[in-house]
Amino acid sequence: MKKEFDRTSFHLEEQYQSLGKDKTYFIRTYGCQANVRDTETIAGILEMMGYTLASSQEEADFLLFNTCAVRRSAEEHVLGEIGKLKQLRYDNPNKVFALCGCMAQEEGVVEEIKKKYPQVDIVFGTHNLSQLPTILHAYYETHTHTFRIESTPGNIVEDLPAVRSQSYKAFTNIMYGCNKFCTYCIVPYTRGRERSRKKENILEEVVNFKNQGGKEIILLGQNVNAYGKDLGLEDGFTELLRDVAETGIDRIRFYTSHPRDYSSTSIDVMKAYPNIMNSLHLPVQSGSNEVLRRMARGYTVEHYKSLYDEMKEKIPSLTFTTDIIVGFPGETDEQFEETIQLVEYCKYDLAYTFIYSPREGTPAAKMEDDIPMEVKKQRLQKLNETVAKYSNEKNQSYLDSELLVLCEGPSKKNKEVYSGYSEENKLVNFTGKDIHAGDLVKVKITGCKSYTLDGKKII
Ligand code: 5AD
Ligand code: SF4
């Protein structure tokens, strides 16, 4: 068995339990579901300390930016927003501004914040969430800039509180970090090595959530198919998936899968249990073997296609989504065309597409990149057009079908229209009577748009 990480339990010491009394907080969250889940934890800790949620960032006594470092554009946006805080600080010097998440793990960014953004009072890293009470305490005691960033591979803290935005849908971390070191990606540096939670802790969380009326659980990890490898488990993810399905919870989803570790046994379990939703997000990144090799993805296009074929054969109704990067250093026109051909083969329901963004400290950032930005933009546009063609076609095929939708409540614009996700993970807007958030509603599809479906509740 490989080295175990530190496993501890969260406990809020008495001296911190009223630190947030009469104070409010507001959190702005950027990036992936890992950050969304971290924000739930941070909110849980703050509320245990007596803080209450402010109605806006302007009103909050404690304003936190939970940030993403995957692309430079996301970082620039956050820095722009932080720049605007100068005025807020001027209006009210008692406010406390903080930054956490993946940007906090980047040395260069932290230096930039120290130099150019003195209005940021606190910075804490992705491995320091559970220390938030002591961090805030230190700040209130000294009123000097407080930086708490660990670069260790991380630990696992159980029994963390959470404030969930929906009572019927919940994210559960099954593992943290990533060991894959794809050459473009900063995540292994900002989130540390792969470390899995123990299965009994995950199952306990799922069962408690179900007993409280929860309907949908989303298992989270940067690379869920590697679940349990650090615990010495051979096929840990498949076993976990089966055990979660056996709890009888209505719906299970999981993000994100990696083509290299995806096993046939996981496909079999998906097929065997109707409460594991028939949708799969399987990032491919490129349709060229040469580009995949330079990205160090560890699989070939042929392997990816064979996984796709196996899934479609075993679960014909499966919906399939992916992530694709264009303009990776040295990507030729021909290699880009191979990506287009792969999209034509897989006919994705949806693809999240990105222009490559060099990240300091990653191997790809040192590769020669002679593709002009104009060319990268043209490639992105062509890719998006190709993806949209198939998404549209796929959506059209749902006309007149009946889908089971987990209602998330009435839409903001029109109280008569409800929205929610179907088992296939299609966003459905629908009408009908006697509908509440958290209901599983049978909906007949009456119209199809590029990204959403319209329908009516079936009585
Ligand atoms: N540049 C562009 N896109 C990136 N991604 C990760 N790193 C980069 C980068 N440096 C994309 C990948 C990944 C998704 C979450 O973000 O497609 O799957
Ligand atoms: Fe990044 Fe690759 Fe890990 Fe995904 S699998 S988080 S792209 S290093």
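Start at 1 and go down the list; that is how both ligands and their atoms are numbered. All values below come from the heavy atoms of this structure, side chains included, with hydrogens, waters and symmetry mates left out.
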- prompt: Only one of Arg297, Arg359, Arg71 clears side-chain hydrogen bond (donor to acceptor under 3.5 Å, both in side chains) with Tyr184; which?
  reply: Arg297
message: Quiz question: by atom type and distance under 3.5 Å, do the side chains of Glu424 and Ser422 form a donor-acceptor pair?
response: yes
- prompt: With atoms numbered from 1 as shown, which atoms in ligand 2 lie under 4.0 angstrom from a non-hydrogen atom of Phe181?
  reply: 8 (S)
statement: of all protein heavy atoms, closest to atom 1 (Fe) of ligand 2 is Cys185 SG, 2.2 Å
- prompt: Can Arg28 and Gln57 be counted as having a side-chain donor-acceptor contact under 3.5 angstrom?
  reply: yes
- request: Evaluate the salt bridge (Lys or Arg N to Asp or Glu O under 4.0 Å) criterion for residues Lys382 and Glu337: first the C-alpha distance (whole Å), next the side-chain angles of each, then the deciding distance (0.1 Å), finally the verdict.
  value: CA-CA 10 Å; Lys382 177 165 179 189; Glu337 282 308 318; 2.9 Å; yes
query: Which of the numbered atoms in ligand 2 are below 4.0 angstrom from a heavy atom of Val187?
result: 6 (S)
- request: Using the ring of Tyr398 (Phe, Tyr or Trp, six-membered ring only), decide whether Lys426 places NZ or CZ under 6.0 Å from its centre and within 45 degrees of its axis.
  value: no
statement: Tyr356 heavy atoms within 4.0 Å reach ligand 1 at atoms 1 (N), 2 (C)
task: Note the single closest protein heavy atom to atom 3 (Fe) of ligand 2, along with its residue, its atom name and the distance in Å.
output: Cys178 SG, 2.2 Å
query: Is any side-chain N of the basic residue among Glu344 and Lys389 closer than 4.0 Å to the acidic one's carboxylate O?
result: no
query: For residues Thr134 and Arg148, is any side-chain donor paired with an opposing acceptor at under 3.5 Å?
result: yes
task: Could you tell me which atoms of ligand 2, counted from 1 in the order shown, lie closer than 4.0 angstrom to a heavy atom of Pro188?
output: 8 (S)
- request: Within a distance under 4.0 Å of any heavy atom of Lys180, pick out the atoms of ligand 2 and give their elements.
  value: 3 (Fe), 5 (S)
message: I'd like to know: is atom 1 (Fe) of ligand 2 within the 2.8 Å range of an N/O/S atom from Cys182, strictly under that distance?
response: no
- prompt: Looking only at heavy atoms, is any part of Ile325 under 4.0 Å from ligand 1, and if so is it the side chain, the backbone, or both, or is it neither?
  reply: side chain
statement: for atom 1 (N) of ligand 1, nearest protein heavy atom and its distance come out as Ser357 N, 2.9 Å
message: Between the side chains of Lys169 and Glu408, is the shortest nitrogen-to-carboxylate-oxygen separation below 4.0 Å, so that they form an ion pair?
response: yes
query: Considering only the protein, which heavy-atom contact is closest to atom 6 (C) of ligand 1, and what is its distance?
result: Val70 CG1, 3.3 Å
query: Heavy atom under 4.0 Å from ligand 1: found in Tyr184's side chain, backbone, both, or neither?
result: both
query: Would you say the side-chain atoms of Asn384 and Thr353 include a donor-acceptor pair closer than 3.5 Å?
result: yes
statement: One finds that the ligand 2 atoms under 4.0 Å from a non-hydrogen atom of Tyr184 are 7 (S)
task: Would you check whether Ile355 reaches within less than 4.0 Å of ligand 1, judged by its heavy atoms?
output: yes
message: Angle between ring planes, Phe320 versus Tyr348, binned at 30° and 60°: parallel, tilted or perpendicular?
response: parallel
query: Can you tell me which residue and heavy atom of the protein come closest to atom 17 (O) of ligand 1, and the distance to 0.1 Å?
result: Gln285 OE1, 2.7 Å
field: Closest protein heavy atom (residue, atom, distance) for atom 11 (C) of ligand 1
entry: Arg71 NH1, 3.3 Å
task: Below 4.0 angstrom from a heavy atom of His258, which ligand 2 atoms are there? Numbered from 1 as shown, please.
output: 5 (S)
task: Run the numbers for me: atoms of ligand 1, each under 4.0 Å from some heavy atom of Arg359, listed by number.
output: 10 (N)
- prompt: What residue and heavy atom of the protein are closest to atom 18 (O) of ligand 1, and at what distance?
  reply: Asp323 OD2, 2.6 Å
query: With a cut-off of under 6.0 Å to the ring centre and 45° to the axis, is Arg294 in cation-pi contact with Phe328?
result: no
field: Residue-ligand contact Arg191/ligand 2, heavy atom below 4.0 Å
entry: no
query: Are the side chains of Cys102 and Ile186 in touch, meaning some heavy atoms are under 4.5 Å apart?
result: no
